[in-house]
Number of protein chains: 2
Amino acid sequence: MAEPAHNSRGAAQRYGARPTMKDVAARAGVGLKTVSRVVNGEPGVTPDTMQRVQSAIDALGFRRNDSARILRKGRTSSVGLVLEDLGDPFYSSLSRAVEEVARGYGSLLFTGSSDEDPEREQELTLAFCARRVDGLVIVPTSFDHRYLEPEIAAGIASVFVDRPAERIDADAVLTDNAGAVREGVAHLIGQGHRRIAFIGDQPRIHTASERLRGYRETMAAAGLPVDEAWVSMGSTAPERVHAELSRMLDDPQPVTALFSGNNRVTVAALRVLTASSRPVALVGFDDFELADLLSPAVTVVAQDPARLGRTATELLFNRLEGETGPPRRVELRGRLIVRGSGEIAF
Amino acid sequence: MAEPAHNSRGAAQRYGARPTMKDVAARAGVGLKTVSRVVNGEPGVTPDTMQRVQSAIDALGFRRNDSARILRKGRTSSVGLVLEDLGDPFYSSLSRAVEEVARGYGSLLFTGSSDEDPEREQELTLAFCARRVDGLVIVPTSFDHRYLEPEIAAGIASVFVDRPAERIDADAVLTDNAGAVREGVAHLIGQGHRRIAFIGDQPRIHTASERLRGYRETMAAAGLPVDEAWVSMGSTAPERVHAELSRMLDDPQPVTALFSGNNRVTVAALRVLTASSRPVALVGFDDFELADLLSPAVTVVAQDPARLGRTATELLFNRLEGETGPPRRVELRGRLIVRGSGEIAF
DNA sequence: CTGAAAGCGCTTACAG
DNA sequence: CTGAAAGCGCTTACAG
């Protein structure tokens, strides 16, 4: 990064311009501490003095430098949020909820996307720690969070959300993924389906493998065999989903229903199913906008991203306010929303 | 907010625990400056000394406090993003693009939602300024940005995006809203429509009034009268859109086409149109996921939120790297995407 | 009611 | 190659 420009007088142009409390004190003819009192609304200043200080503040365009304040005070009143992709609707709802709660506690929010890259997650998280955020809300992507141990020991609160921490014991707020999938798959079985496909995200992602587990358990409980050709885990890129689903549909013994492992898979699958001649039942994991307007409308197992974010952030601030006790794990239930696509009977 | 807990020894529990460079120096038996050199990878340290310092760092779990560093250096390597709603897909795409560019310049991102409340915009923006962000990217909602003048004078770069600044001269990256609407409305006229409705956001929002202007200009240019009953500006809450559109459709002389002023209006309108017995043409402002899967698929005038964010942030960093010159205004073109709903002829 | 001194944890500018 | 002193802009603890 470029350094700030300096002018010929050798003073930093950009930041040297900024008046400080010392400048205000000099102009108002008072001590530094008096300015500090006025700026922070502390009592014990004559109305007359206060007036003089305020005039100096206005004249100079002074604004307190919170970086300096933070250094002295300890608390930064900021929270870091690390997630997979700020641009994804699921995470943006979650983010907004985190923001609202943090705001209620007077905290500002740093956000960053890990892009499902463990190294990037770590880099971001530690950068937030270096800024001394009071706490972290993390949608983790890495397999080892021991890198956070010194930070946590030093007092940075952290709550994991959507997925649990790996190799450390930490607060986590999750959806009961396996349970939610069980409900969705059982629903398909209830409609008479026997050959049910499952297309999910990369198996190394905790939620993805949990959801797969829910699928397998439900099939097994119903005494239905699972042909491994019906199961596909990997990238949620549309091309891959298209290819896999097409393969399953073109089989001489095609699947008659699909459970899709997240909203990206659902959207990609919809494009294939719309083009398909044979009706195929679909239940998707995660709700999405307009699901009710498609034909057929899409049956989903919905998570509540805002609630995940809100719950996690409340937990974070409880910790910051001194709540001790062992790490907590909160599980939220998914909710089956019946709309049509999941009720296409076999 | 609660103050950090203090223990009975009177030391700050949370932050007192944190080792500093001084602690590292003491443990390694070197001077403070040597630690600083090692931490920052500066040259001129014996491998042996470096080794000793590194051991001390690891043993103590030291991480440089960037708040302190920032105070001394001037630059904070952070950017503040203020927008309407982090949870809205349009803005979350924009945010992600801002994040990517900022990351490329080594900057962290503060984000905050104004919720279309001018006071909240100002509060957030000035809070970011107090943290001494290097620059601001703002989707403005207030009618007067003179509150930013001292900050800008003091060197905080700022770029407005999606909507221009009011009452100050500042860099802005916008979509040519009126132009894009003209294209969409002309398209409807081309399909034979004469009674075309326009439902938009609150008229005090710049983009909303610009889009309305585009509608009126196109109708006028085509020599078509506009019945004021066809025009409705206000909240984009689904209930209001439902009521207004229903009113227009139930009229003895109903509208035969609708231009919807943004994605929230489009979504709300779709629910009404789906239930309508008579086919009504629709062109929406802003593209949205799955628009192509609805029946009919939805014709839109698309903006590129990621490009808006990227362009604005690039401009911001150009300024931070010393580009002077008068405020710039960049206008991006909208793009008509023909999918079906806009081609329902009269 | 008011203010001078010390210190938060770093970097800068300088000297050895 | 190494380090002591001063300072970034505030707040804290204390004295008057």
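First the proteins, then the strands, lettered A, B, ... as listed; each starts at 1. Values below: every heavy atom of this structure, side chains too, minus hydrogens, waters and symmetry copies.
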**Request:** Measure from the side-chain heavy atoms of B:Arg64 and tell me the nearest of D:dT11, C:dG3, C:dC10.
**Result:** C:dC10
**Prompt:** How long is the line joining CD of B:Gln51 and C1' of D:dC1, in whole Å?
**Reply:** 17 Å
**Request:** Mind checking ring pair (Phe, Tyr, Trp, His ring centres under 6.0 Å) for A:Tyr91 and listing every partner two or more places apart, or none if nothing turns up?
**Result:** none
**Complete:** Ordered by number, residues from residues 122-131 of chain B within less than 4.0 Å of DNA chain C (heavy atoms) are none
**side-chain contact (heavy atoms from CB on, under 4.5 Å) partners for B:Ile152, two or more places apart** = B:Leu148, B:Ser158, B:Ile168
**Request:** Identify which one of B:Thr20, B:Val24, B:Asp23, B:Thr49 satisfies the side chain to side chain contact (heavy atoms under 4.5 Å, CB included) criterion when paired with B:Val35.
**Result:** B:Val24
**Asked** Looking at C:dG9, C:dT11, D:dT12, which one has an atom nearest to any side-chain atom of A:Lys33?
**Response** D:dT12
**Request:** Please list, chain by chain and in numerical order, all residues satisfying side-chain hydrogen bond (donor to acceptor under 3.5 Å, both in side chains) with A:Asp58, sequence neighbours excluded.
**Result:** A:Gln54
**Request:** Please work out which residues in residues 34-49 of chain A have a non-hydrogen atom less than 4.0 Å from an atom of DNA chain D and list them by number.
**Result:** A:Ser36, A:Asn40
**Item:** Contacts of type side-chain contact (heavy atoms from CB on, under 4.5 Å), residue A:Ser93, not counting sequence neighbours
**Value:** A:Pro305
**Message:** Can you confirm whether the side chains of A:Glu116 and A:Thr141 place a donor and an acceptor under 3.5 Å from each other?
**Reply:** yes
**Prompt:** So, is A:Lys73 close to the D:dC10 phosphate, meaning a side-chain N or O under 4.0 Å from OP1 or OP2?
**Reply:** no
**Message:** Stem list for DNA chain C, please, built from Watson-Crick and G-U wobble pairs under 3.5 Å and keeping only runs of at least 3.
**Reply:** C:1-3 with D:14-16, C:5-12 with D:5-12, C:14-16 with D:1-3
**Those residues that, when tested against B:Arg310, pass salt bridge (charged side-chain N to carboxylate O under 4.0 Å, His left out) (two or more places apart)** = none
**Request:** Applying ring pair (Phe, Tyr, Trp, His ring centres under 6.0 Å), name anything that partners B:Phe110, two or more places apart in sequence or on another chain.
**Result:** A:Phe110, B:Phe128
**Request:** Select from B:Gly31 and B:Arg72 the residue whose nearest nucleotide in DNA chain D is closer to the 5' end of that strand.
**Result:** B:Gly31
**Prompt:** Sequence neighbours excluded, which residues qualify as side-chain contact (heavy atoms from CB on, under 4.5 Å) partners of A:Glu323?
**Reply:** A:Asn318, A:Arg319, A:Arg328
**Request:** Taking salt bridge (charged side-chain N to carboxylate O under 4.0 Å, His left out) as the test, write out the residues that go with A:Lys33, two or more places apart.
**Result:** A:Glu42
**Item:** Qualifying residues under side-chain contact (heavy atoms from CB on, under 4.5 Å), relative to A:Arg96, sequence neighbours excluded
**Value:** A:Glu99, A:Glu100, B:Asp85, B:Leu86, B:Ser113, B:Asp115, B:Arg120
